[in-house]
Number of protein chains: 2
Amino acid sequence: MATIKDIAKQAGVSISTVSYALNGSPKVTPETTERILAIAKELNYIPNAAARSLKTRETKIIGIFLTDFSGAFYGDLLQGTKETLTRKGYELIVCSGKQSHWMLPERMIDGAIILDVTFDSEDLIRYADRGHKLVVLDRELAHPNINQVLLDNKAGATLATEYLIEEGHREIYAVTGPGSSYDSKQRLQAVMQVVERTAGVQLHVIEGDFNKEGGELAAKAIMAGRRDGQAAAAVFCFNDEMAIGMMNYIAEHHSDIQVGEHIHIIGFDNMELASYSQPRLSTIDYSKRKWGALAAEQLVKLINSDAVENERIYVTLLKGKSVGTSK
Amino acid sequence: MATIKDIAKQAGVSISTVSYALNGSPKVTPETTERILAIAKELNYIPNAAARSLKTRETKIIGIFLTDFSGAFYGDLLQGTKETLTRKGYELIVCSGKQSHWMLPERMIDGAIILDVTFDSEDLIRYADRGHKLVVLDRELAHPNINQVLLDNKAGATLATEYLIEEGHREIYAVTGPGSSYDSKQRLQAVMQVVERTAGVQLHVIEGDFNKEGGELAAKAIMAGRRDGQAAAAVFCFNDEMAIGMMNYIAEHHSDIQVGEHIHIIGFDNMELASYSQPRLSTIDYSKRKWGALAAEQLVKLINSDAVENERIYVTLLKGKSVGTSK
DNA sequence: TTGTAAGCGTTATCAA
DNA sequence: TTGATAACGCTTACAA
């Protein structure tokens, strides 16, 4: 393991000269620089990240913290984040689980993007208080060292609900995420707002979990409560995963019931899996790549102490055959 | 940012005593230790990872390098890896892209798991030569610092091919991965072996890319080459993603052709998406979680200089309705 | 049981 | 333009 010391010895210069040359400083003559670079290559010199960051107090690494690695959802988001960070000279690492949180306070990473409801807000604030820079994608958190890049949940939920109503549905089920989820709370609030200002609409709220099982359980509950001949039900699942779970459950246990005809389902996220559903799931779409890219951008600004404002990701309604008109 | 120096000053002891106390050394009396710990907490002391690893020459972090973050495939694998590493006291970070390779030589991570064909084998060998520990999941590489945990491609491909033959198919298409892929080469070799020892079987090889597009293109090529009334074709796509692409293409462009009846498709990987395909895709299954866990285990052994042997992940045939009997 | 001091591999501030 | 030298924050002989 050659160090700058070895290079210095070999080149007959001091370590500071080597350091300058290696970093392309104009203080060193081109000739010496070249000579030093040649020796460095010859000795297979590789800098030591720990030593560098001990001194510079930065690692040029950004961490993104996810609830799990399941990934069905995050692909494009990570891609967007990575692209932007690469352009800005940062590396991206993906972390998951409480054990990994130390990387932030111990300065293994220069900043973090949070998309993990299991990450305590109090911890985040503590880190921010210590000067660490954060971007949160899953909660509201007002702090000079924290920036928010949030989905426009209200718009999305409003679009979804209004769509169901426009199609003539009057009995609407909302399958939420876990109670602790910020996104879920926002969406539910918007749904209730829409329902309240529309006469004759009945809303049933079912607590879900953002997983397939939640969708299945909700499906079970809904089917159990319905009698033959009753008006078709319309269900707004607060994410696609639950919507898919619901569709699966229905296909499996109620072959006589057709989604988009006897029961109508709309999701949220437009994940890849949704495009394979039969019939095509109606959902709320937004650019995950852009979300990630914007988060990265904001984080870098925060690190550079540039001024930042909280940002919002806009959403659109994507109509699929899983929602039909009420007869 | 409190350091051990600050704690030492506050406690009226030397920094070495603080260090010993913090690391729970029995050399320090319980009373001093307690006092030091209290002060550390009071000062909000957090160790500095760079300083520690500069000295200890380890970070307790393992990196896994993936081709991309798309994740449709990796979820369980990462989960398995993470669980095992956590148990062994290591952190897992997920990396992608050539830019991130520096983390290994610059000692930001203690070792790496490679599942990324775009990672040059020469680079890997160079790193291994420098003493870095690696586990490869996607190639054969003989080196004392490299361990292999590979899929049993031959068994999988053999199972798949024999299944098609047993179902009476005599005209078999193999849609490979990119030519550079080790897995693809292994699978093709096995397919050819099976075909060679079975009389009357015709094999057509189509080069794919392991992506949906490859499956679509292959579907197009196959459909273009077939005339009405011809015996049903049987296709072995070397991964599920291409198989799904193929099924989609057929559903979209050839509504008269039924998968599992007029054309028979089997994949490889049993990815989640496959369980949603209509009809259910036949495929080769294996435990991705176990794969990841084993890779982690081997890497830790390598790091601890324990003896290791290359490992193999066993596979099984999973029959779905996408393959039917030849009429 | 505790303290002194060297060293890990850099960067960066001075002087020369 | 280059060289000494002092940090950076920690671990760990070795001394006391």
Side-chain angles (χ1 to χ4, degrees), chain A residues 1-37 39-40 43-61 102-110 130-132, chain B residues 1-37 39-40 43-61 102-110 130-132:
Chain A
M1 297 293 100
T3 72
I4 52 170
K5 225 182 219 167
D6 302 317
I7 303 178
K9 204 179 297 173
Q10 180 98 277
V13 299
S14 76
I15 59 161
S16 37
T17 305
V18 174
S19 177
Y20 287 134
L22 254 24
N23 291 306
S25 159
K27 311 171 97 182
V28 184
T29 56
E31 299 85 55
T32 355
T33 300
E34 203 174 330
R35 196 157 52 87
I36 290 174
L37 256 37
I39 295 176
L43 295 184
N44 263 315
Y45 168 75
I46 304 251
N48 179 307
R52 192 194 321 114
S53 79
L54 179 57
K55 185 67 187 177
T56 62
R57 316 185 71 67
E58 61 175 25
T59 60
K60 288 293 179 183
I61 300 178
W102 64 269
M103 296 198 185
L104 188 61
E106 297 198 12
R107 318 194 75 101
M108 187 101 274
I109 55 181
D110 290 349
R130 289 183 72 92
H132 298 288
Chain B
M1 298 294 98
T3 69
I4 51 171
K5 224 184 221 163
D6 301 315
I7 302 178
K9 205 179 296 171
Q10 181 96 282
V13 299
S14 77
I15 59 163
S16 43
T17 305
V18 175
S19 176
Y20 287 134
L22 254 26
N23 291 307
S25 159
K27 310 170 99 182
V28 183
T29 57
E31 300 83 58
T32 352
T33 300
E34 203 174 331
R35 195 157 52 86
I36 288 174
L37 256 35
I39 295 177
L43 294 183
N44 263 315
Y45 169 75
I46 305 251
N48 179 306
R52 192 191 325 111
S53 79
L54 179 56
K55 186 67 188 178
T56 62
R57 315 184 74 67
E58 63 176 24
T59 60
K60 287 291 175 185
I61 300 176
W102 64 266
M103 297 200 188
L104 188 61
E106 297 199 10
R107 318 194 74 100
M108 186 102 277
I109 54 181
D110 291 347
R130 291 182 70 93
H132 298 289

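Lettering of chains follows the sequences in order, A, B, ..., and the numbering in each one begins at 1.
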- [ ] Could you give me the CA-CA distance, side-chain angles and deciding distance for A:Arg35 and A:Val13, then say whether side chain to side chain contact (heavy atoms under 4.5 Å, CB included) is met?
- [x] CA-CA 11 Å; A:Arg35 196 157 52 87; A:Val13 299; 4.0 Å; yes
Which distance, rounded to the nearest 0.5 Å, do you find between the [atom1] of [X] and the [atom2] of [Y]?
| X | Y | atom1 | atom2 | answer |
| --- | --- | --- | --- | --- |
| B:Thr17 | B:Ile7 | OG1 | CD1 | 12.0 Å |
| A:Lys55 | A:Arg57 | NZ | CZ | 9.5 Å |
| B:Asn48 | B:Thr3 | CG | OG1 | 9.5 Å |

Each nucleotide of nucleotides 6-16 of chain C classed B (base within 4.0 Å of a protein heavy atom), S (only sugar-phosphate) or -, in 5' to 3' order, makes -BBBBBBB---
For B:Lys9, the side chain to side chain contact (heavy atoms under 4.5 Å, CB included) test, sequence neighbours excluded, returns none
side-chain contact (heavy atoms from CB on, under 4.5 Å) test vs B:Tyr45 passes for just one of B:Ile36, B:Asp6, B:Leu22, namely B:Leu22
Sorted by chain and residue number, the salt bridge (charged side-chain N to carboxylate O under 4.0 Å, His left out) partners of A:Glu106 (sequence neighbours excluded) come out as B:Arg52
The side chain to side chain donor-acceptor pair (under 3.5 Å) partners of A:Thr32 (sequence neighbours excluded) come to A:Thr29
Quick one: do the A:Ser19 and A:Ser16 side chains pair a donor with an acceptor below 3.5 Å?
no
Note: contacts of residues 28-36 of chain A with DNA chain C (heavy atom, under 4.0 Å) are none
Is there a donor-acceptor pair under 3.5 Å between the side chain of B:Arg130 and the backbone N or O of A:Asn44? yes
Chain A vs DNA chain D, heavy-atom contacts under 4.0 Å, first-to-last nucleotide span, 5' to 3', is D:dT1 to D:dG9
